[in-house]
*Asks:* 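The structure follows.
Proteins come first, then strands; the chains are lettered A, B, ... in the order of their sequence lines, and each starts at number 1.
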Protein chains: 2
Amino acid sequence: MNLHVRVLTIGALAKATGVTTPTIRYYEEIGLLPPAPRTAGGQRSYDDDDLGRLTFIKQCRDFGFGIDQVRVLLDLSISTKRDCVETRDIAQVHLDEVRQKLAEMRLLERRLESFVTRCNVACAGGPGQDCVIFKDMAAPAKAGGCCGS
Amino acid sequence: MNLHVRVLTIGALAKATGVTTPTIRYYEEIGLLPPAPRTAGGQRSYDDDDLGRLTFIKQCRDFGFGIDQVRVLLDLSISTKRDCVETRDIAQVHLDEVRQKLAEMRLLERRLESFVTRCNVACAGGPGQDCVIFKDMAAPAKAGGCCGS
DNA sequence: CGTACTCCTTCAAGTAACTTGAAGTTCAAG
DNA sequence: CTTGAACTTCAAGTTACTTGAAGGAGTACG
């Protein structure tokens, strides 16, 4: 449909993708993006290909993939014999990691919750003269109370 | 009960607390731990106070508090007018952040899950000639398919 | 006393993934 | 032609450590 190529400044590309301009330059520096051609004045100029590539990168980052994983995914996306199974495997590994992290965070949430609750029960309303949280925390046992007896 | 003061090397302190020796030196460098007294030969030596302090730090870190928060908590723990309410507030803010993060991760998990599932449904068993994941990912819409039509 | 071995020392640099700041240039508008 | 936003580069800061190199201290054994 659209035969003419849109040209974007780095700022426009940033707005279009949600990636900040310093981050775009950073991506160029580490080779995630090819060196951008420059205008007469030396400013970077981008086209729709760059828009697509950076959007892809952004999506991957939002999925929580690390830069190196994004590199692999980008290669896969460019390869002529692109392998969806390999992509799936990368995502599966990442999903496993996310679930692991999620479990840890759930545990952490419960621990913090009980911490705060105990603080409220024992000390709400003013400074706790008898707060033993610090002694509790300095003991090697499982972390626990805040202001208990 | 025990009147004599145990003296610990940095390695023994590390083992007792679960904090690595380079990390202990790092904590000293950034002022979380006071400069340790040295033996004649120049090696650091620690006592039970250090053990308590470092254990406290470790517990806080395991709770996910940042170094600067640990600094505040340490100050509170030393202050004569220690304020349990302030401690509670710090923990409450942190808990809110953890819950926020947790919500994001749950969403991420669901998205990744559907990603992997779609890959399996459409492409399991070999390279996907028609895999459109990459075009999907390069489109600015909500991230989505892997190998669907 | 020597030697072997582990543990200790410092200092510098590396990690992830950017962000921030300084000082200066280019572009579009009025 | 001047203003001001957006662009340029380069260096350093961020978080919380980890890793590596080169060498000294402490302890056990013979």
*Asks:* A:Tyr26 has a side chain; which of C:dA17, D:dG24, C:dC27 sits nearest to it?
*Replies:*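 Output: C:dA17.
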
*Asks:* Does a side-chain N or O from A:Arg38 land closer than 4.0 Å to OP1 or OP2 of D:dT9, or not?
*Replies:*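 Answer yes for this pair, as a side-chain N or O of A:Arg38 is under 4.0 Å from OP1 or OP2.
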
*Asks:* Donor-acceptor check, side chain of A:Gln59 to backbone of A:Phe56, threshold 3.5 angstrom: yes or no?
*Replies:*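 No: the side chain of A:Gln59 does not pair with the backbone of A:Phe56.
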
*Asks:* Side-chain N or O of B:Arg44 versus OP1/OP2 of C:dC8: is the shortest distance under 4.0 Å?
*Replies:*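 Indeed not, no polar side-chain atom of B:Arg44 lies that close.
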
*Asks:* Looking at B:Asp68 and B:Arg71, is there a salt bridge between them, counting it only when a charged N and a carboxylate O are closer than 4.0 Å?
*Replies:*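 Answer for the salt bridge query: yes.
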
*Asks:* Which whole-number value in Å describes the distance from A:Glu29 CD to D:dA12 P?
*Replies:*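 So the two atoms are 14 Å apart, to the nearest Å.
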
*Asks:* Report yes or no: do B:Thr117 and B:Ser114 form a side-chain donor-acceptor pair below 3.5 Å?
*Replies:*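 Side chains of B:Thr117 and B:Ser114: no pair found under 3.5 Å.
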
*Asks:* Measure from the side-chain heavy atoms of A:Thr20 and tell me the nearest of C:dT19, C:dC8, D:dT18.
*Replies:*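 The answer is C:dT19, which lies nearest to the side chain.
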
*Asks:* Side chain of B:Gln43: nearest nucleotide among D:dA25, D:dC17, C:dC18?
*Replies:*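 Nucleotide nearest to B:Gln43's side chain: D:dA25.
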
*Asks:* For B:His94 and B:Phe63, run ring-ring contact (aromatic ring centres under 6.0 Å, His included): C-alpha distance rounded to whole Å, both residues' side-chain angles, the deciding distance at 0.1 Å, then the answer.
*Replies:* CA-CA 9 Å; B:His94 183 49; B:Phe63 264 97; 8.1 Å; no

*Asks:* Between atom CD in A:Glu28 and atom P in D:dC10, what is the gap in whole Å?
*Replies:*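 To the nearest whole Å, that distance equals 12 Å.
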
*Asks:* For the backbone of B:Arg110 and the side chain of B:Arg106, can you confirm whether one donor and one acceptor N or O come within less than 3.5 Å of each other?
*Replies:*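 No.
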
*Asks:* Please report, rounded to the nearest Å, how far the C1' atom of C:dG14 is from the CD1 atom of A:Ile30.
*Replies:*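 Atom CD1 in A:Ile30 sits about 16 Å away from atom C1' in C:dG14.
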
*Asks:* With a 4.0 Å limit, can you tell me whether A:Arg25 has a side-chain N or O closer than that to the phosphate oxygens OP1/OP2 of C:dC18?
*Replies:*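 For C:dC18, OP1/OP2 do not have a side-chain N/O of A:Arg25 under 4.0 Å.
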
*Asks:* Quick one: B:Leu13 CG to C:dT9 P, roughly how many Å, whole number?
*Replies:*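 About 11 Å, once rounded to whole Å.
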
*Asks:* Could you tell me how far apart B:Leu54 (CG) and D:dA16 (P) are, to the nearest whole angstrom?
*Replies:*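 For the pair B:Leu54 CG and D:dA16 P, the rounded distance is 16 Å.
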
*Asks:* CD1 of B:Ile57 versus C1' of D:dT15: gap in Å, rounded?
*Replies:*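 The distance from CD1 of B:Ile57 to C1' of D:dT15 comes to 16 Å, rounded to the nearest Å.
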
*Asks:* Hey, is A:Asp49 close enough to A:Arg53 for a salt bridge, meaning N to O under 4.0 Å?
*Replies:*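 So A:Asp49 does not pair with A:Arg53 through a salt bridge.
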
*Asks:* Would you mind reading off the distance between B:Leu33 atom CG and D:dC17 atom C1', rounded to a whole angstrom?
*Replies:*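 Between C1' of D:dC17 and CG of B:Leu33: 14 Å.
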
*Asks:* Compare the minimum distances between each of D:dG26, C:dC18, C:dC27 and the side chain of B:Thr39, then state the nucleotide with the smallest one.
*Replies:*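 That would be D:dG26.
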
*Asks:* Please tell me which of the listed nucleotides, C:dA17, D:dC17, D:dC7, lies nearest to the side chain of A:Thr9?
*Replies:*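 In terms of side-chain proximity for A:Thr9, the closest of C:dA17, D:dC17, D:dC7 is D:dC7.
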
*Asks:* Under 4.0 Å between a side-chain N/O of A:Tyr27 and OP1 or OP2 of C:dA17, yes or no?
*Replies:*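 Indeed not, no polar side-chain atom of A:Tyr27 lies that close.
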
*Asks:* Between B:Thr21 and C:dC8, is there a side-chain N or O to OP1/OP2 distance below 4.0 Å?
*Replies:*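 Negative; the distance criterion is not met.
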
*Asks:* How long is the line joining CD1 of A:Ile10 and C1' of D:dA5, in whole Å?
*Replies:*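 Value for this atom pair: 15 Å.
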
*Asks:* Of the candidate nucleotides D:dG24, D:dA16, D:dT18, which contains the atom at the shortest distance from the side chain of B:Pro22?
*Replies:*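 Nearest to the side chain of B:Pro22 among the choices is D:dT18.
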
*Asks:* If we only count heavy atoms from C-beta on, is the B:Arg44 to B:Ile24 side-chain gap below 4.5 Å?
*Replies:*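 Side chain of B:Arg44 against side chain of B:Ile24, heavy atoms only: no contact under 4.5 Å found.
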
*Asks:* For residues 66-73 of chain A, which residues have at least one heavy atom under 4.0 Å from DNA chain C?
*Replies:*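 Going residue by residue through residues 66-73 of chain A, the ones with a heavy atom under 4.0 Å of DNA chain C turn out to be A:Gly66, A:Ile67.
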
*Asks:* So, applying side chain to side chain donor-acceptor pair (under 3.5 Å) with A:Asp96, which one of A:Gln100, A:Gln92, A:Arg99 is it?
*Replies:*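 The single option meeting the side chain to side chain donor-acceptor pair (under 3.5 Å) with A:Asp96 is A:Gln92.
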
